[in-house]
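Being a predicted model, the structure only gives us computed values, none of them experimental. We count residues from 1, following the sequence as given.
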Amino acid sequence: MNDYDTNTGTASVWAGEEHLFAENAICVPVYNSVTFGYDDMEEWHQVGMGKKKGHIYSRNTNPTVRPLEEKIRLMDGGEEATSFSTGMAAISNTLFTLLGPGDRVVAIKDTYGGSNKIFIKFLPQMKVDVCMVDTSDFDAIEREVKKGCKVLYLETPTNPTLKIVDIERLAKVAHDNGAIVVVDNTFATPINQRPISLGADVVVYSATKYLNGHSDVMGGLAVGKKALIDQIFHYREITGATLHPQSAYMILRGMKTLELRIARHNENAMKVATFLSQHPKVDQVFYPGLETHLNHAIAKKQMRGFGGMLSFSLKGGFPSVVTVLENLKYAHKAASLGSVGTLVGPPRTTSHVELTEQERANAGIPESLIRYSAGIENGDDLVADLEQALAKI
């Protein structure tokens, strides 16, 4: 195994793809075959039983998908990895695998809207005891974990208010009390943050976002301890939220430029956040790279870069949000993030569209908020664009 710990740029290109493929191809071929045939009946049985490497049926495993799983495993430093059709499939399959009737899960209140919906609706329907705690109150999270839980679920930076959770501190408490630690690392990616090195047992991603990076394919990944990932894989192969080989190929291609893209995302987000923090029409800026951020010290400790995501609230409420969004030229008003092009929108139509206005308020998300996914455009152009749009208020 190659050691990519000190050079994630090399890993994003080479991990899982160190050898030549069929016909000496240097790129992973797309195997669209649903099934895989065997002339030798005993070999077929051995592969089917998992005693020999190979593939039987693409709902389970596929030779195009496997290099992607190996790439994220190596980049994150995990023992095993598996893939899914979407990021929410990765999150839901992980939670539904690890939790059952009578179990207790402790989660932070600031999670992505789809994740939040699982905690407030679907897990309670399964008779899972859900405890959601103030994200910034680490003492309260520790107290709840010490009361007993099977899973501690964290997301950092959070969507959409960019709160930072101290993974190392909370993972230690969780492990001391027998809990499994699951971390959503979608915003940071392995370039900016490696939760496994901080104590996470399972890390989940929406590969649709930064890992792919081009807003043209969906996918999800989970990486971590082999015993846990094997369970999650088995749940996924039975329930069927399988990643298509063409999608896996496109995510693999996108990941080759991951370090380059993340460097530019980091740079642009910092430039935009700094500008917004000094603008008189902006009420508050949420970006962990700013020294004024509540958890800046923790972000600086556990992250290698502060990411391409930020959010900001405007004076004047939602009417100001509408004015700014309708006047931006270099930003798609669309419900996603992590693309090469800047993407913007309010939580009511993006990250937390599944929630009611009251539920968003309960989660500390004001209607005056704009989520801003800084792309890889020229940073000065992005600042100038925001400046002219804010002047319209």
Side-chain angles (χ1 to χ4, degrees), residues 87 107-116 132-138 141 153-167 170 183-189 191-193 195 198 204-206 209-210 262 264-279 282-314 321 324 331 335-339 342-348 350-352 355 360-375 379 382 386:
I108 57 175
K109 288 184 177 179
D110 292 85
T111 57
Y112 169 65
S115 306
N116 189 279
M132 301 184 71
V133 192
D134 183 345
T135 305
S136 299
D137 193 340
F138 300 153
I141 297 171
Y153 185 90
L154 306 173
E155 178 182 309
T156 183
T158 64
N159 186 354
T161 53
L162 285 297
K163 292 179 181 176
I164 300 296
V165 177
D166 191 330
I167 300 172
L170 296 177
V183 178
D184 183 341
N185 199 42
T186 297
F187 271 24
T189 81
I191 303 296
N192 282 336
Q193 181 172 265
L198 299 168
V204 292
Y205 291 98
S206 172
K209 311 304 192 297
Y210 286 107
I262 292 298
R264 185 60 170 256
H265 288 304
N266 291 345
E267 177 187 340
N268 282 352
M270 178 64 83
K271 185 172 290 188
V272 166
T274 300
F275 163 74
L276 291 170
S277 68
Q278 300 165 356
H279 199 284
V282 175
D283 184 45
Q284 192 172 3
V285 179
F286 304 91
Y287 185 65
L290 295 177
E291 293 186 1
T292 53
H293 189 282
L294 177 64
N295 303 126
H296 174 71
I298 298 171
K300 193 173 181 180
K301 178 187 72 171
Q302 72 185 22
M303 301 180 75
R304 292 180 287 191
F306 299 113
M309 294 300 303
L310 63 127
S311 60
F312 58 99
S313 57
L314 295 172
V321 170
V324 168
S336 192
L337 60 96
S339 185
T342 295
L343 296 166
V344 297
R348 67 189 289 173
T350 57
S351 63
H352 288 69
L355 305 188
R360 287 192 294 272
N362 293 342
I365 302 170
E367 297 300 298
S368 60
L369 194 75
I370 292 177
R371 190 182 71 175
Y372 190 98
S373 173
L382 296 181
L386 279 162

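- Proximity of Val282 to Leu314: side-chain heavy atoms (C-beta onward) are separated by under 4.5 Å at one or more points.
- Taken from OG1 in Thr189 to CD1 in Ile262, the straight-line distance is 4.0 Å, to the nearest 0.5 Å.
- The closest side-chain heavy-atom distance from His279 to Leu386 is not below 4.5 Å.
- Ring-plane geometry between Tyr372 and Phe312 is classed as tilted, the angle between the planes lying from 30 to 60 degrees on a 0 to 90 degree scale.
- Counting only residues at least two apart or in different chains, side chain to side chain donor-acceptor pair (under 3.5 Å) contacts with residues 289-299 are absent.
- Between Lys163 and the options Thr158, Asp110, Asp134, a side chain to side chain donor-acceptor pair (under 3.5 Å) holds for only Asp110.
- Shown here for Asn192 and Gly305, the closest heavy-atom pair between the two residues is OD1-CA, 3.2 Å.
- Side-chain atoms of Ile108 and Tyr153, non-hydrogen and from C-beta on, never get closer than 4.5 Å to each other.
- Pairing each heavy atom of Ser277 with each of Thr274, the nearest pair is OG-O, 2.7 Å.
- Between Val272 and Tyr287, the closest side-chain pair of non-hydrogen atoms is not below 4.5 Å.
- Not a single donor-acceptor pair under 3.5 Å links the side chain of Glu155 to the backbone N or O of Ser115.
- Residues Phe306 and Met270 share a closest heavy-atom pair of CD1-CE, 4.0 Å.
- To the nearest 0.5 Å, atoms CG (Leu382) and CG (Asn268) are separated by 5.5 Å.
- Heavy atoms only, all atoms of each residue included: Arg371 and Pro160 are closest at CD-CB, 3.9 Å.
- Side-chain contact check for Phe286 versus Leu369: some heavy-atom pair is nearer than 4.5 Å.
- A heavy-atom distance below 4.5 Å is not found between the side chains of Val321 and Glu367.
- More than 12 heavy atoms of other residues, nucleotides or ligands lie within 6.0 Å of NZ in Lys271, so this atom counts as buried by the packing criterion.
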- So Leu310 and Leu276, side chain to side chain contact (heavy atoms under 4.5 Å, CB included) or not? Walk me through it. CA-CA 10 Å; Leu310 63 127; Leu276 291 170; 3.7 Å; yes
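- Summarising the geometry of Ile365 relative to Pro347, their closest heavy-atom pair is CG2-CG, 3.5 Å, with the distance given to 0.1 Å.
- Not a single donor-acceptor pair under 3.5 Å links the side chain of Glu267 to the backbone N or O of Gly379.
- Atom OG of Ser373 is separated from atom CG of Leu343 by 5.0 Å, given to the nearest 0.5 angstrom.
- At least one side-chain heavy atom of Met132 sits less than 4.5 Å from a side-chain heavy atom of Asn116.
- The structure places CE of Met309 at 11.0 Å from OG1 of Thr186, a figure rounded to the nearest 0.5 Å.
- Residues Thr161 and Ser311 share a closest heavy-atom pair of CA-OG, 3.8 Å.
- Atom CD1 of Ile141 is separated from atom OG1 of Thr135 by 6.5 Å, given to the nearest 0.5 angstrom.
- For the atom pair CG of Asn185 and CD1 of Ile167, the computed distance is 6.5 Å after rounding to the nearest 0.5 Å.
- Looking only at side-chain heavy atoms (C-beta outward), Asp184 and Asn159 stay at 4.5 Å or farther from each other.
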